[in-house]
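Chain letters run A, B, ... following the sequence lines, proteins first, then strands; residues in each count from 1. Keep in mind the model is a prediction, meaning the values are calculated, not measured.
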Amino acid sequence: MVADETLLPVGDDPMASTGVPRRPGDLVRAVQELETAEGPRWVWADTREAYAPLLEQGVRVARCHDLALTEGLLLAHEGRYGEPRSARAAHARLHGLPVPDEQPNAAGTLFAPEPLAAEAVAEVLADQLRRIAALPEPGRFRLLVAAESAGALVAAEMSHEGMPWRRDLHDALLTELLGPRPVHGMRPAKLQALADEVAAAFGHPVNPDSVQQLVKAFKGAGVELRTTRSWELKRIDHPAVAPLLSYKELARLFSAHGWAWADQWVRGGRFRPEYVVGGVVSGRWATNGGGALQIPKVMRRVVLADDGWTLVVADAAQLEPRVLAAMAGDVGLARAAGEIDLYAALAQSFGGERANAKIAMLSAMYGGTSGDASKLLAVMRQRFPKAYQFVEDAAKAGEDGRIVRSWLGRTSPPPSERWRQLVSGPEGGRAARDRGRFTRNFVVQGTAAEWALALLAVLRGLLPEPARLVFFQHDEVMVHCPLDQAEEVIAAVSESAARASRLLFGSTPVRFPMEAVAVGSYADAK
DNA sequence: TGACCAAGCGCC
DNA sequence: AAAGGGCGCTTGGTCA
């Protein structure tokens, strides 16, 4: 099955190109031929729709421009957050036509819309390039668009490739922790035993999945609870607590990543989630089903390289404080960020305590106020004034109802109407501070996400055949490759980190260490 | 019955 | 280790 989608190959000068409509029948071959001959930047309405069928046919492309992702970035930058961002909507706006509503979910719709004609794709592209050129920092925004689009390619390829997942080991792990797989609708034996223990401790039946029943049962036992969160339960002295805590932990494994999950998401020894590029306002990815970004650590042991292959796993160390140092241009902080252990390098400034340096940095980036935070923030303000001021400004903007932007120009959502009402009411201070914490974090998290996208884009281009990116989680990547490519892939990872840093920040003294290890099992990566 | 919300917890 | 911002996903519970 070939995508019913118009593709537009664009050479180095996008404005000079013309659309090439293709009949679906020869589309795949045409793409492959052009890709080999000219390596164009493919322009399409939506990468997931256009690229997945190509991947099915074994065709991979090097570069693309995703109209919908770009439109979303542009609309937000232009203060038009929330307007429909599909290529079709963008085309309608250009011509003053009624703008179609956003497709709620491609999988859930019965009728796919007619594909955009090549002329329409070209028009939307030209309009976007004009709008980008008119921005105050067009170069940065172009990089953002390229990185976002490259991310969309990687996401489609990772969904296609899948992360190695041994169902036999997964089943063995579940059986070890929960007991054998139960018949539908039943609890596994060990889970049921824990539920029985909880009931016995109360002296009457209690459903441990029901907050209401638990609160009531504890009340009957003379214990008043505000919530049944595990950290709150841990402070309570009652015989039901221990089995209840075990129950909660295992019940989550069972329901979120148990046998039914594997039935749905694991096929042919691969876990294939659907990634949503730009699915988080800060630019991080989200997933649509499969919970790929919330896989419990205990399950890493079932992620094994194929025979003769290895997993190269790497995560960026202390990415967010390094990003802050580079963005703020804070000389002192940048010097510390030139070291492998940034917090250790900062310790001297915070009474010799590495831990204090960490709290100070985290509090500055996230708006923390607890414990020693305010005292340490005062030190930070004095020692690293530019970094301190950078996040303070972002927080102030948020509190004032203004938007903020990441380094490359991703724009935060504007405040909601509800927030504006709230902020002028009796609880206004609280609402303002909450939004201040959000915008404070947005500039750091958003730029860290951009760095990670740039890393992915570069790494994708450096990987030798047949190595494949198979997993990405905010600041961590996994490559599946033959054993004898391990060294080359590890080198490619650190080279990509260096190039990503230059792409975003030029010649900064800040280092972005990305140490990769080759392992047989994901569980051995840390 | 289905839609929706809240609680709770997994990951970074 | 501490912390807080961001998410997805499941369950129970309520309401129309």
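- A:Gln213 pairs by the side-chain contact (heavy atoms from CB on, under 4.5 Å) definition with A:Val206, A:Asn207, A:Ser210, not counting sequence neighbours.
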Sequence-aligned protein contact record of nucleotides 3-12 of chain B, with B where the base is within under 4.0 Å of a protein heavy atom and S where only the sugar-phosphate is: ----SBBBBB
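- Taking atom CG of A:Leu253 as the reference point, atom C1' of C:dC9 lies 13 Å away to the nearest angstrom.
- Using a 4.0 Å cut-off between a side-chain N of Lys or Arg and a carboxylate O of Asp or Glu, A:Arg181 and A:Asp263 qualify as a salt bridge.
- A:Asn207 has its CG atom 7 Å from the P atom of C:dG13, to the nearest Å.
- Whole-Å rounding puts the A:Tyr366 OH to C:dG4 P distance at 11 Å.
- At C:dC7, none of the side-chain N or O atoms of A:Thr287 fall inside 4.0 Å of OP1 or OP2 (strictly under the cut-off).
- Ring geometry, A:Phe471 versus A:Tyr275: the interplanar angle falls from 30° to 60°, so the pair is classed tilted.
- Across the protein-nucleic acid pair, A:Gln318 atom CD and C:dA1 atom P stand 12 Å apart, rounded to whole Å.
- Judged by distance alone, with hydrogens and angles left aside, the side-chain atoms of A:Glu450 form a donor-acceptor pair with the main-chain N or O of A:Leu408 at under 3.5 Å.
- Within the 4.0 angstrom heavy-atom criterion, no nucleotide atom of any strand lies near A:Ser282.
- In this structure, A:Leu376 places its CG atom 14 Å from P of C:dG4, rounding to the nearest Å.
- Using a cutoff of 4.0 Å between basic side-chain nitrogens and carboxylate oxygens, A:Asp46 and A:Arg85 are not scored as salt-bridged.
- When heavy atoms are screened at a 4.0 angstrom cut-off, A:Gly290 is found touching the sugar-phosphate backbone but no base atom.
- Residue A:Val281 is in sugar-phosphate contact alone, with no base atom involved, counting any heavy-atom pair closer than 4.0 Å across all strands shown.
- When rounded to the nearest whole Å, the span between CG of A:Asn288 and C1' of C:dC7 equals 13 Å.
- Along DNA chain C, the nucleotide nearest to A:Asp209 and the one nearest to A:Gly291 differ in position, and the one closer to the 5' end is contacted by A:Gly291.
- To the nearest angstrom, C1' of C:dG4 lies 13 Å from CZ of A:Arg430.
- Salt bridge absent: A:Glu399 and A:Arg430 never bring a charged side-chain N and a carboxylate O closer than 4.0 Å.
- Under the side-chain contact (heavy atoms from CB on, under 4.5 Å) criterion, A:Val443 pairs with A:Phe390, A:Ala394, A:Val404, sequence neighbours left out.
- Atom NZ of A:Lys216 is separated from atom P of C:dG13 by 11 Å (rounded to the nearest Å).
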